[in-house]
Amino acid sequence: MSRRPEHAGPLEGVRILDLTRVLSGPYCTMILADQGAEVIKIEIPQRGDDARHVGPPFREGESAFFISVNRNKKSITLNLKSKRGVEILKALARSADVLIENYRPGVAERLGIDYATLCEENPSLVYCSISGFGQTGPYRDRPGYNFTVQALSGVMTVSGEPDAEPHPVGISLGDIPAGIYAAFSVSAALLQRTKTGKGQQIDIGMLDALVSMMEYPLTRYGMTGECPPPIGRYNPAITPFGVLDTADVPIVVAAGNDKLWSIFCGVLERDDLLSEPKYETNPLRTEHRDELYAELANTLRERSAEEWLTLLVEAGIPAARVNTVEDVFLDPQVRARGMVQSVQQPRAGEVDVAGSPVKFGGNTPRAFDPAPELGEHTDTVLSEWLGMTSREIEALRAEGVI
């Protein structure tokens, strides 16, 4: 598989060995592949990445979960429990720029493919390890999953409605930030390598990544000593700023300062609220927010969401419809920015996926290469990277190495 010309990006020519599976690591390598890197996904013979088996939904045996984070990659199979498989991995690593793995800490060392081992033969290798809790600390050896990381990070206690049970966020927030931080860090390490000629090891923990996103709740606790409650429909520090009901579907209004508050009241034809002393400033509005939101609800329920949004957007008030996933697919801004793209899968056919949010030079890629079939590129990669003959490759297949 050769990369289409429109996929050329700033990482064109960078070779990445991807030993990751499921989500945090594959999300990272997808970002890097979208930016032009050649990503070789190394999978277990016969079974492959566990994500291939996550579902429903499946279409013609292909998992939507796997397709969603594995576009633009090449797949080879390699048995790293065999001596010959490890030898081949080391040979590949000698000509690679980056290796990314998300084993539990200690597994790479047991396999003999840890950073200390591989950097002896390739000192310029950038080696990124992603795990649930990082390579150090008392939780180092625990498995890390989306829900466990969301629970430990405190995210579940600030999500959902006040006085309700702890509530997870509806996307894989435990995995995705770690993948983003890993991709950013790999790019930074490659930049540093241009100055020093040396690679380095990167240690990314899923819990670390998610805790870093808890900036306001953590700082609020550090300042007050009080645990922030779930925010529910409303921002805890700015009013009005949240989900408000209309005559049909809810909308979000973010009147984040006194000027916007004044304009908002004008749109609602509620100048009486402006003259009320207890709503004069944002701290006062937040102090009395329950009664203020009750007043706003009485007015907003008089018209439809479309009517209100037309008036609010025209007046410069940050406001939006609360979209369903179906609405997102049809949203004109999402479409205009190329954030819904199609891949043509070998068996599943055309599948819509989320596009890349990064636009270099204002350009949006016209097409993505599909998520690969298991082992689809084994022969090509071993031939191109290591110069193996077809006979040598068939011998490896007969031995169960690939």
Side-chain angles (χ1 to χ4, degrees), residues 11 16 18-35 37 39 41 49-51 54 65-73 98-105 126-137 139-140 142-160 166-191 200-222 228 230-231 235 325 328 339 353-359:
L11 295 182
I16 297 177
D18 176 8
L19 276 69
T20 70
R21 69 268 189 224
V22 189
L23 186 50
S24 60
Y27 197 88
C28 163
T29 54
M30 180 184 70
I31 293 172
L32 298 170
D34 286 350
Q35 295 180 8
V39 174
K41 185 175 180 68
D49 186 339
D50 288 343
V54 173
F65 186 94
F66 180 82
I67 291 170
S68 71
V69 290
N70 283 289
R71 62 179 180 243
N72 292 336
K73 303 175 188 179
V98 180
L99 185 147
I100 304 172
E101 55 90 3
N102 65 347
Y103 298 121
R104 283 201 214 179
V126 172
Y127 189 111
C128 180
S129 298
I130 306 171
S131 60
F133 304 101
Q135 303 297 306
T136 60
Y139 298 167
R140 173 184 185 269
R142 291 190 188 182
Y145 288 90
N146 172 35
F147 271 19
T148 58
V149 171
Q150 284 200 41
L152 286 168
S153 70
V155 164
M156 288 189 182
T157 66
V158 295
S159 302
H167 204 292
V169 177
I171 59 172
S172 296
L173 198 63
D175 294 89
I176 291 172
I180 295 172
Y181 273 112
F184 164 78
S185 301
V186 165
S187 298
L190 288 171
L191 176 61
Q200 59 182 293
Q201 185 176 21
I202 300 167
D203 174 11
I204 302 289
M206 291 165 58
L207 179 60
D208 296 348
L210 193 47
V211 168
S212 77
M213 297 180 67
M214 291 283 286
E215 32 45 85
Y216 176 67
L218 286 177
T219 304
R220 179 175 174 179
Y221 174 79
I231 68 170
N235 186 287
V325 175
V328 175
M339 287 309 300
V353 297
S356 172
V358 181
K359 277 74 175 174

**Complete:** dist L23:CG -> D49:CG (nearest 0.5 Å) comes out at 9.5 Å
**Message:** I want to check something: taking the side chain as every heavy atom from C-beta on, are L99 and L19 in contact at a cut-off of under 4.5 Å?
**Reply:** yes
**Prompt:** So I130 and I100, side chain to side chain contact (heavy atoms under 4.5 Å, CB included) or not? Walk me through it.
**Reply:** CA-CA 8 Å; I130 306 171; I100 304 172; 4.1 Å; yes
**Prompt:** Is there a donor-acceptor pair closer than 3.5 Å between any side-chain N or O of S159 and the backbone N or O of M156?
**Reply:** no
**Asked** Do V22 and D175 come within less than 4.5 Å of each other through their side chains, counting heavy atoms only?
**Response** no
**Asked** Any idea which heavy atoms bring S24 and A178 closest together, and the distance?
**Response** CB-CB, 4.4 Å
**Item:** Between CG on residue L32 and CG on residue D34, distance to nearest 0.5 Å
**Value:** 9.0 Å
**Message:** Using every non-hydrogen atom in the two residues, find where A51 and F66 come nearest and quote the distance to one decimal.
**Reply:** O-CB, 3.5 Å
**Asked** Does the D203 side chain pair with the main chain of Q135, one donor and one acceptor, at a distance under 3.5 Å?
**Response** yes
**Request:** Give a yes or no on whether the backbone of N102 and the side-chain of R21 come within a donor-acceptor separation of less than 3.5 Å.
**Result:** yes
Considering only distance and modelled atom types, tabulate donor-acceptor pairs under 3.5 Å from the side chains of residues 213-220, sequence neighbours left out.
residue : atom : partner : partner atom : Å
T219    : OG1  : E215    : O            : 2.8

**Prompt:** Can you name the closest pair of heavy atoms from G132 and V149 and give their distance?
**Reply:** O-CG2, 4.5 Å
**Message:** Return the OG1 to NE2 distance between T157 and H167, rounded to the nearest 0.5 Å.
**Reply:** 13.0 Å
**Complete:** Between T148 and P143, the two heavy atoms sitting closest are OG1-O, 4.5 Å
**Item:** S212 side chain to Y181 side chain, donor-acceptor N/O pair below 3.5 angstrom
**Value:** yes
**Request:** Take F133 and R140 through the test side chain to side chain contact (heavy atoms under 4.5 Å, CB included) and record every step on the way to the result.
**Result:** CA-CA 5 Å; F133 304 101; R140 173 184 185 269; 5.8 Å; no
**Request:** Over all heavy atoms of both residues, which pair between G179 and C28 is shortest? Give the atoms and the distance, please.
**Result:** O-CB, 3.3 Å
**Request:** Taking all heavy atoms of I31 and all of A183, pick out the closest pair and write down the distance.
**Result:** CG2-CB, 3.8 Å
**Asked** What's the spacing between M30 CE and R71 CZ if we round to 0.5 Å?
**Response** 4.5 Å
**Message:** One pair to check against side chain to side chain contact (heavy atoms under 4.5 Å, CB included): M206 and Y145. What are the steps and the verdict?
**Reply:** CA-CA 8 Å; M206 291 165 58; Y145 288 90; 5.8 Å; no
**Asked** For residues K73 and T29, is any side-chain donor paired with an opposing acceptor at under 3.5 Å?
**Response** yes
**Prompt:** Between atom CZ of R142 and atom CG of L152, what is the distance when rounded to the nearest 0.5 Å?
**Reply:** 6.5 Å
**Complete:** OG of S356 to CE of M339, rounded to nearest 0.5 Å, is 6.5 Å
**Request:** Give the C-alpha distance, both sets of side-chain angles, the deciding distance and a yes or no for side chain to side chain contact (heavy atoms under 4.5 Å, CB included) between I180 and Y27.
**Result:** CA-CA 7 Å; I180 295 172; Y27 197 88; 3.8 Å; yes
**Message:** Restricting to side chain to side chain contact (heavy atoms under 4.5 Å, CB included), what partner residues turn up for Q200, sequence neighbours left out?
**Reply:** A189, Q192
